[in-house]
Asks: 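Pasting a structure below so you can have a look.
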Amino acid sequence: MLVLVAPGQGAQTPGFLTEWLDFPGVRGALEAWSDAAGLDLIRYGTTAGAEEIRDTAVAQPLLVAAGLASASMLFDDPADFPRKIGAVAGHSVGEFTAASLAGVLPHEEALRLVRTRGLAMAEAAAVTETGMAALLGGDPDVTVPHLEKLGLTPANINGAGQIVAAGTKEQLAALEADKPEGVRKVIALKVAGAFHTHHMAPAVDTLAKAAAEARNTGDPKIAYVSNKDGRTVAAGSEVLDRLVGQVANPVRWDLCMETFKELGVTALIEVCPGGTLTGLAKRALPGVKTLALKSPADLDAARELIAEAPTPAADAAGA
């Protein structure tokens with residue numbers, strides 16, 4: 001079975017959308033999504049600098065747009081998407097990409113909602129100076145209690161020996177001085193706040209109000225795997241509820257990968273700007289073929305992988 005995944009914040013780099021604009025339909029789609037988001041996604045994806053696209057309110061819609069645009073290039077006929085893709089999932093904001101690809105949200109609605117999410121999270125992050133840091137190595141049973149002792153939240157439990165801690169700058173400094181046993185390295189992340197923690201609670205209410213106004217929503221047409229607990233979710237209304245609540249709760253990507261195993265994953269493609277999630281999959285899902293869409297040069301290989309994939313079971317969306 002083939003799984004399609006979408007990366008989260010931090011995957012963007014200056015100019016990463018430039019080459020995609022050469023493909024028919026991409027510029028027009030990005031213009032329509034720019035209108036929905038109230039943001040010039042073409043400029044931010046082509047000529048904007050690293051600091052501009054690091055802004056949470058910019059990075060989140062930009063990543064969702066990139067994921068949707070690159071995924072649209074994988075199939076000549078959009079109807080082939082549910083015939084060949086067995087499941088979708090996204091890391092953090094990538095869940096909006098996944099939900100839209102699964103048919104829960106029209107693309108324009110996904111961009112409208114994620115812009116609201118980004119603005120609300122940026123506002124919440126401005127209240128207190130917070131951040132995030134990746135911990136490499138160690139045992140989760142040792143690392144998580146150690147983080148909690150320091151007042152930090154294990155905001156992303158990514159599997160493959162990686163946990164991301166989030167909290168105040170003072171708490172993160174304490175972590176640098178007092179690493180959990182077995183952790184090889186602590187790497188500060190270039191994000192603007194302590195995402196997926198209680199620091200983001202004010203953003204939840206804002207996003208909930210926007211989600212309540214979402215139009216033309218539906219149930220997933222293919223299996224949708226949730227960050228909350230790695231479960232597949234069959235009702236569109238529950239997907240929306242989880243998208244809202246996830247803002248202030250940890251990402252359990254480790255459990256998502258466990259579900260991929262249970263579903264029988266044989267191949268995994270990460271949409272643009274790919275790399276992070278395929279890296280985790282290579283370590284946690286041995287034997288699974290992986291491919292990251294970093295640029296249009298990767299499309300031919302991705303299409304070959306899709307052609308090789310077996311057709312998912314007809315009832316996959318209800319798994």
Side-chain angles (χ1 to χ4, degrees), residues 1-7 17 19-37 41-42 45 61-90 94-114 214-225 232-236 239-240 243 263 265 267-274 291-319:
M1 185 193 73
L2 178 62
V3 172
L4 198 72
V5 298
L17 280 183
E19 293 180 85
W20 295 95
L21 293 176
D22 294 334
F23 286 80
V26 171
R27 183 177 292 274
L30 288 170
E31 288 172 347
W33 301 339
S34 293
D35 289 342
L41 295 168
I42 293 176
L62 185 59
L63 285 164
V64 172
L68 295 176
S70 59
S72 73
M73 296 293 100
L74 293 173
F75 299 94
D76 293 327
D77 181 356
D80 286 337
F81 191 94
R83 294 176 189 150
K84 296 298 289 187
I85 304 297
V88 292
E95 285 204 295
F96 282 79
T97 312
S100 194
L101 291 172
V104 176
L105 288 165
H107 293 348
E108 288 79 5
E109 279 294 294
L111 267 298
R112 181 184 70 83
L113 281 177
V114 82
R215 294 166 293 180
N216 301 317
T217 60
D219 295 333
K221 304 298 187 294
I222 53 181
Y224 173 90
V225 182
T232 55
V233 182
V239 171
L240 279 173
L243 289 173
L263 292 173
V265 60
L268 179 146
I269 294 175
E270 182 180 2
V271 296
C272 178
L291 189 142
L293 280 178
K294 297 177 183 291
S295 77
D298 300 308
L299 282 171
D300 286 345
R303 289 168 180 152
E304 288 178 11
L305 201 55
I306 290 167
E308 295 170 0
T311 301
D315 62 350

Asks: A29: which residues meet the side chain to side chain contact (heavy atoms under 4.5 Å, CB included) condition with it, sequence neighbours left out?
Replies: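 Partners of A29 under the side chain to side chain contact (heavy atoms under 4.5 Å, CB included) test: W33.
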Asks: Which pair of non-hydrogen atoms, one from T232 and one from A223, has the smallest distance, and what is that distance?
Replies: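 That would be CG2-CB, 4.3 Å.
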Asks: How long is the gap from CG on D77 to NZ on K84, to the nearest 0.5 Å?
Replies: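 Taking CG in D77 and NZ in K84, the distance rounds to 13.0 Å.
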Asks: Can you measure from CG (L111) to CG (L68) and round to the nearest 0.5 angstrom?
Replies: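 Answer rounded to 0.5 Å: 6.5 Å.
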Asks: Would you say S100's side chain and F96's backbone share a donor-acceptor pair under 3.5 angstrom?
Replies: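 Between the backbone of F96 and the side chain of S100 there is no qualifying donor-acceptor contact (under 3.5 Å).
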Asks: Looking only at non-hydrogen atoms, find the nearest pair between A71 and V271 and report the distance.
Replies: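 That would be CB-CG1, 4.0 Å.
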Asks: Heavy atoms, side chains only, cut-off 4.5 Å: are S72 and P78 in contact?
Replies: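 Contact flag for S72/P78 side chains = no.
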Asks: What are the two closest non-hydrogen atoms of S70 and C272, and how far apart are they?
Replies: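 Reported closest heavy-atom pair: OG-N, 3.1 Å.
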Asks: Has the side chain of R303 got a donor or acceptor atom that lies under 3.5 Å from a matching backbone atom of M73?
Replies: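 It does hold such a pair.
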Asks: State the CD-CZ distance between E108 and R112, to the nearest 0.5 angstrom.
Replies: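 The CZ atom of R112 is 11.5 Å from CD of E108, to the nearest 0.5 Å.
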Asks: Please report the closest heavy-atom contact between I42 and L30, naming both atoms and the distance.
Replies: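 Scanning both residues, the minimum pair turns out to be CG1-CB, 3.8 Å.
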Asks: Over all heavy atoms of both residues, which pair between A302 and L291 is shortest? Give the atoms and the distance, please.
Replies: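 For A302 versus L291, the nearest heavy atoms are N-CD1, 3.6 Å.
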Asks: Under the side-chain contact (heavy atoms from CB on, under 4.5 Å) criterion, do T217 and V239 qualify, and how do the steps go?
Replies: CA-CA 10 Å; T217 60; V239 171; over 6 Å; no
Asks: Report the distance from atom CG of L305 to atom CD1 of I269, rounding to the nearest 0.5 Å.
Replies: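 Here the interatomic distance stands at 4.5 Å.
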Asks: Could you grab the distance from atom CD1 of I306 to atom CG of L74, nearest 0.5 Å is fine?
Replies: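 That separation rounds to 4.5 Å.
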Asks: Return the minimal non-hydrogen interatomic distance between G103 and K221, and the atom names on each side.
Replies: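 Scanning both residues, the minimum pair turns out to be O-NZ, 4.0 Å.
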Asks: Counting distance only, does the side-chain N/O of D219 pair as donor-acceptor with the main-chain N or O of G236 below 3.5 Å?
Replies: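 It does hold such a pair.
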Asks: Given side chains that start at C-beta, do those of L243 and L105 come closer than 4.5 Å, heavy atoms only?
Replies: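 The answer is yes, as the side chains (C-beta and beyond) meet within the 4.5 Å cut-off.
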Asks: For the CG atom of L41 and the CG atom of L63, what is their distance to the nearest 0.5 Å?
Replies: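 It comes to 10.5 Å.
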Asks: Is there a donor-acceptor pair under 3.5 Å between the side chain of D35 and the backbone N or O of A32?
Replies: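 Looks like no, no N/O pair under 3.5 Å.
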